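Residue numbering restarts at 1 for every chain, and letters A, B, ... go by the order of the sequence lines. All values derive from a computational prediction rather than experimental measurement.
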Amino acid sequence: MLDMKFIRENLDEAERRLQSRGGGPYLDGIKELDEKRRNLLYENETLKAERNRVSDEIAKVKDKSLVQQQIQDMRAVSQRIKEQDEELKQLDEELQLFLLTVPNLPDPSTPVGASEVDNVEVRSWGSPRQFSFAAKPHWEIGETLGILDFERGAKLTGARFTLYRGAGARMERALISFMLDLHTGQHGYEEVLPPFMVNRESMTGTGQLPKFEDDLFKIADPEYFLIPTAEVPVTNIHRGEILKKIDLPIRYAAYSPCFRREAGSYGKDTRGLIRQHQFNKVELVKFAHPSESAAELEKLTLDAEKVLQLLELPYRVMALCSGDIGFSAAKTYDIEVWLPGQSCYREISSCSSFGDFQARRASIRFREEEKSKPEFVHTINGSGLAVGRTLVAILENGQQEDGTVVIPKALRPYMGGLERIR
RNA sequence: GGAGAGAUGGCCGAGUAGGUCGAAGGCGCUCGCCUGCUAAGCGAGUAUACUGGGAAACCGGUAUCGAGGGUUCGAAUCCCUCUCUCUCCGCCA
């Protein structure tokens with residue numbers, strides 16, 4: 001969430017930057033709401049100060065019959081305070097809800113644009129392999145090899161659920177281990193394994209709630225939400241905490257399944273593993289000093305890219321434009337892997353910096369100096385990588401004319417030495 | 001699921017016949033003094049949020065003793081609801 005003080009003092013600038021996302025106006029009426037609240041707050045606190053003062057006087061008098069008038073007066077004052085408290089609570093909630101539904105300001109380095117066509121390619125790695133035959137999409141490869149069973153997945157649960165079998169299941173597990181080992185062993189992340197269900201506060205802390213409840217799977221009683229990404233529990237690890245400056249940046253790598261309703265994506269990517277209600281992901285999360293967050297985003301993106309390089313999968317890195325970045329993000333790089341079976345690049349990782357947007361919601365802070373006031377940290381996260389989509393890329397890039405799939409060398413130790421799925 | 005105990009400041013821990021308690025004391029930490037180093041000792045300071053004033057240093061107000069509500073002129077203290085933690089039983093991977 002944005003800083004109300006900042007909005008108050010830079011209303012036009014904030015509105016302008018928000019509108020680069022498209023849509024708006026975003027901040028209409030917030031100024032009036034804020035002023036109304038502060039005026040009432042001042043009145044209310046003045047009355048409370050008077051009550052406190054008179055109550056202290058009453059306390060000093062032994063014979064309460066001498067202060068009956070004051071007690072009477074304060075009874076009325078208390079009544080008034082109570083009414084104001086009620087009104088104030090309404091205003092607070094209204095303002096809070098307003099602030100919680102305003103997206104983050106795009107970072108100045110985020111290219112301005114209306115939609116994904118305005119995203120900017122930053123770099124690419126590897127070159128798409130030339131096929132001497134017609135490359136197949138992964139769902140055909142997987143079904144033929146008997147390692148992806150879409151029909152039974154649908155039987156067990158419904159559309160967008162898949163049963164992995166044999167070498168497919170093994171590869172999914174291998175990829176998780178491979179990625180975690182790389183990030184913890186080479187890139188300095190601490191491995192964490194969080195709960196896969198979280199409460200409302202955690203979902204609000206990272207920005208999924210209150211605005212995107214429809215995108216989440218929810219347990220009714222008790223009210224828990226299935227995480228749409230490990231970003232949620234992992235970022236909330238430090239919710240409400242004041243971190244030590246010398247501990248920054250804190251880096252976590254977490255595997256988790258992710259659960260998404262995919263509301264609004266009906267008809268898109270209906271075949272294959274690309275868009276599932278449940279998928280696996282290894283997530284990278286950082287808590288950084290504000291002065292380091294830009295560099296930490298660059299490093300985190302490179303950490304994610306390393307996975308693709310080791311797996312020999314061609315990709316490109318796109319800087320998302322202002323119209324395409326997510327609600328909480330200030331800046332985002334998408335890593336897109338080449339899928340020859342579909343002749344296109346598909347997102348396999350999304351790496352974002354959030355500035356203090358999440359940290360303010362979740363109250364995650366640090367002190368610049370021992371005695372200075374706490375300031376908000378910056379949060380950064382990205383997929384390192386989406387596991388299912390990595391498996392898709394391996395199947396499509398590694399397919400052979402005879403229908404078998406060559407497993408990248410780096411992954412073979414995790415597959416019991418298996419070189420080829422046949 | 002059943003029974004019981006608990007939740008106070010960075011930590012430990014007082015405080016329950018309601019008022020002078022943002023909260024004793026200790027530890028830790030910061031600054032200063034002292035000491036030939038270290039340790040000890042002495043003195044001062046040491047929460048957060050919102051908010052008013054101020055260029056700032058800073059000064060003032062309000063709130064916060066798990067959360068929410070109630071009683072009262074006044075609640076850490078009394079009443080109600082909820083959450084979480086711990087112990088025991090049950091159940092289970």
Side-chain angles (χ1 to χ4, degrees), chain A residues 1-10 30-100 193-205 209 219-225 233 236-248 250 257 356-377:
Chain A
M1 118 179 117
L2 302 181
D3 182 8
M4 188 60 228
K5 280 203 195 87
F6 178 83
I7 295 177
R8 201 179 290 152
E9 288 158 18
N10 306 277
I30 198 167
K31 193 180 175 191
E32 292 71 20
L33 188 57
D34 175 54
E35 270 169 19
K36 197 171 163 194
R37 171 185 170 270
R38 279 188 301 151
N39 289 337
L40 183 61
L41 182 65
Y42 184 74
E43 247 183 82
N44 178 261
E45 292 189 343
T46 305
L47 279 185
K48 282 179 176 172
E50 189 196 351
R51 181 180 68 184
N52 286 345
R53 187 176 54 75
V54 175
S55 285
D56 281 350
E57 284 172 14
I58 292 171
K60 286 180 190 138
V61 178
K62 287 261 166 57
D63 183 353
K64 300 301 181 204
S65 67
L66 297 175
V67 289
Q68 279 311 304
Q69 186 56 48
Q70 282 92 322
I71 291 178
Q72 284 297 327
D73 291 348
M74 287 310 103
R75 194 169 292 167
V77 169
S78 267
Q79 185 54 38
R80 180 80 192 106
I81 288 172
K82 201 172 168 184
E83 290 162 13
Q84 286 183 346
D85 279 346
E86 198 56 40
E87 205 179 331
L88 207 49
K89 194 177 154 193
Q90 300 278 332
L91 284 174
D92 273 338
E93 282 170 8
E94 203 178 326
L95 185 62
Q96 192 66 9
L97 186 64
F98 197 132
L99 287 170
L100 284 174
L193 183 63
F196 302 151
M197 292 186 260
V198 299
N199 56 32
R200 183 168 281 278
E201 289 70 39
S202 294
M203 282 294 183
T204 305
L209 291 179
I219 306 291
D221 185 23
E223 187 193 65
Y224 291 151
F225 297 87
N236 278 281
I237 287 174
H238 295 300
R239 171 154 52 86
E241 296 183 7
I242 298 178
L243 305 172
K244 290 202 174 71
K245 187 185 173 190
I246 54 163
D247 291 338
L248 303 178
I250 297 173
D356 61 8
F357 188 85
Q358 291 182 325
R360 180 172 290 105
R361 287 173 163 248
S363 187
I364 307 169
R365 296 174 291 174
F366 75 102
R367 290 182 209 274
E368 187 62 55
E369 304 290 340
E370 194 80 38
K371 287 188 152 184
S372 53
K373 279 180 63 119
E375 301 169 50
F376 294 111
V377 300

Would you say a side-chain N or O of A:Arg75 is under 4.0 Å from OP1 or OP2 of B:C73?
yes

Rounding to an integer number of angstrom, what distance separates B:C27 and B:G90 when you compare their C1' atoms?
42 Å

For nucleotides B:C82 and B:C91, find the distance between their P atoms and express it as a whole number of Å.
27 Å

Across all strands, who's sitting opposite B:G19 as a Watson-Crick or G-U wobble pair, both distances under 3.5 Å?
B:C73

If I pick the P atom on B:A49 and the same atom on B:C11, what distance separates them, to the nearest angstrom?
16 Å

Below the 4.0 Å mark, does B:U48 have OP1 or OP2 next to a side-chain nitrogen or oxygen of A:Arg367?
yes

Can you tell me the distance, in whole Å, between the CG atom of A:Leu88 and the C1' atom of B:A63?
11 Å

Between A:Leu99 (CG) and B:C50 (P), how many Å, whole number?
12 Å

Between B:C50 atom C1' and A:Lys36 atom NZ, what is the distance in whole Å?
19 Å

Reckon A:Ile58 touches a base, only the sugar-phosphate, or nothing at all at heavy-atom distances under 4.0 Å?
base

N or O in side chain of A:Ser78 less than 4.0 angstrom from B:G74 OP1/OP2:
yes

Taking B:G1 as the reference, what is the distance to B:U62 when you measure between their C1' atoms (whole Å, please)?
45 Å

With a 4.0 Å cut-off on heavy atoms, is A:Asn52 in touch with a base, just the backbone sugar-phosphate, or nothing at all?
sugar-phosphate

Residues A:Phe366 and A:Phe376: closest non-hydrogen pair is CE2-O, 3.6 Å

What is the base-pairing partner of B:G66, counting Watson-Crick and G-U wobble geometry with both distances under 3.5 Å?
B:C82

Of the nucleotides B:C50, B:G61, B:A47, which has the atom closest to the A:Ala49 side chain?
B:G61

With both distances under 3.5 angstrom, what nucleotide forms a Watson-Crick or G-U wobble pair with B:G90?
none

So which one's nearest nucleotide on RNA chain B is more toward 5', A:Lys5 or A:Arg51?
A:Lys5

Give the rounded distance in Å between these two atoms: NZ of A:Lys373 and P of B:A49.
5 Å

Side chain of A:Met74, heavy atoms from C-beta onward: which of B:U51, B:C73, B:C84 has the nearest atom to it?
B:C73

Side-chain donor/acceptor of A:Asn199 to backbone N/O of A:Ser202, under 3.5 Å:
yes

Pick the P atom in B:G2 and in B:U77, then give their distance to the nearest Å.
28 Å

Which heavy atom of A:Met74 sits nearest to which heavy atom of A:Arg51, and what is that distance?
SD-CA, 3.7 Å

Of all the nucleotides listed (B:U51, B:U48, B:G74), which has the minimum atom distance to the side chain of A:Arg365?
B:U48

Could you tell me which nucleotide pairs with B:G41 by Watson-Crick or G-U wobble geometry, both distances under 3.5 Å, or answer none if nothing does?
B:C33

Should B:G25 form a Watson-Crick or G-U wobble pair with both distances under 3.5 Å, which nucleotide is its partner?
B:C12

Separation between the P atoms of B:A24 and B:A14, rounded to whole Å:
14 Å

Which nucleotide in the set B:G69, B:A49, B:U51 lies at the smallest distance from any side-chain heavy atom of A:Lys89?
B:G69

Separation of B:U51 P from A:Gln84 CD (nearest whole Å):
17 Å

Side chains of A:Glu43 and A:Gln84: any donor to acceptor distance under 3.5 Å?
yes

To the nearest angstrom, the CG-C1' distance between A:Leu91 and B:C50 comes to 14 Å

Is there side-chain contact between A:Glu93 and A:Gln96, with at least one heavy-atom pair below 4.5 Å?
no

I need the CD-P distance between A:Glu201 and B:C82, as an integer number of Å.
17 Å

What contact category does A:Arg200 fall into here, base, sugar-phosphate, or nothing, at under 4.0 angstrom with non-hydrogen atoms?
nothing

Contact class for A:Lys64 (heavy atom, under 4.0 Å): base, sugar-phosphate, or nothing?
base

Can you tell me how far C1' of B:G52 sits from CG of A:Asp34, to the nearest Å?
14 Å

Verify the contact: side-chain N or O of A:Arg8 to OP1 or OP2 of B:U51, cut-off strictly under 4.0 Å; return yes or no.
yes

Take atom C1' in B:C58 and the same atom in B:A17, then report the distance between them in whole Å.
43 Å

What contact category does A:Lys82 fall into here, base, sugar-phosphate, or nothing, at under 4.0 angstrom with non-hydrogen atoms?
sugar-phosphate

Distance, P atom - from B:A44 to B:G25, rounded to whole angstrom:
12 Å

Under 4.0 Å, counting only non-hydrogen atoms across every strand here, what does A:Arg53 touch: a base, just sugar-phosphate, or nothing?
nothing

Let me spell it out: for each of A:Ala59 and A:Asp3, pick the nucleotide of RNA chain B with the closest heavy atom. Which residue's pick is nearer the 5' end?
A:Ala59

pair A:Asn236-A:Met203: side-chain heavy atoms closer than 4.5 Å
no

Counting Watson-Crick and G-U wobble pairs only, both distances under 3.5 Å, name the nucleotide matched with B:G60, or none.
B:U51

If you look at every strand shown and take non-hydrogen atoms under 4.0 Å, does A:Lys62 touch a base, only sugar-phosphate, or nothing?
nothing

Beyond-backbone contact of A:Ile30 with A:Leu95, side-chain heavy atoms, under 4.5 angstrom:
yes

Should we count NZ of A:Lys36 as having more than 12 external heavy atoms under 6.0 Å?
no

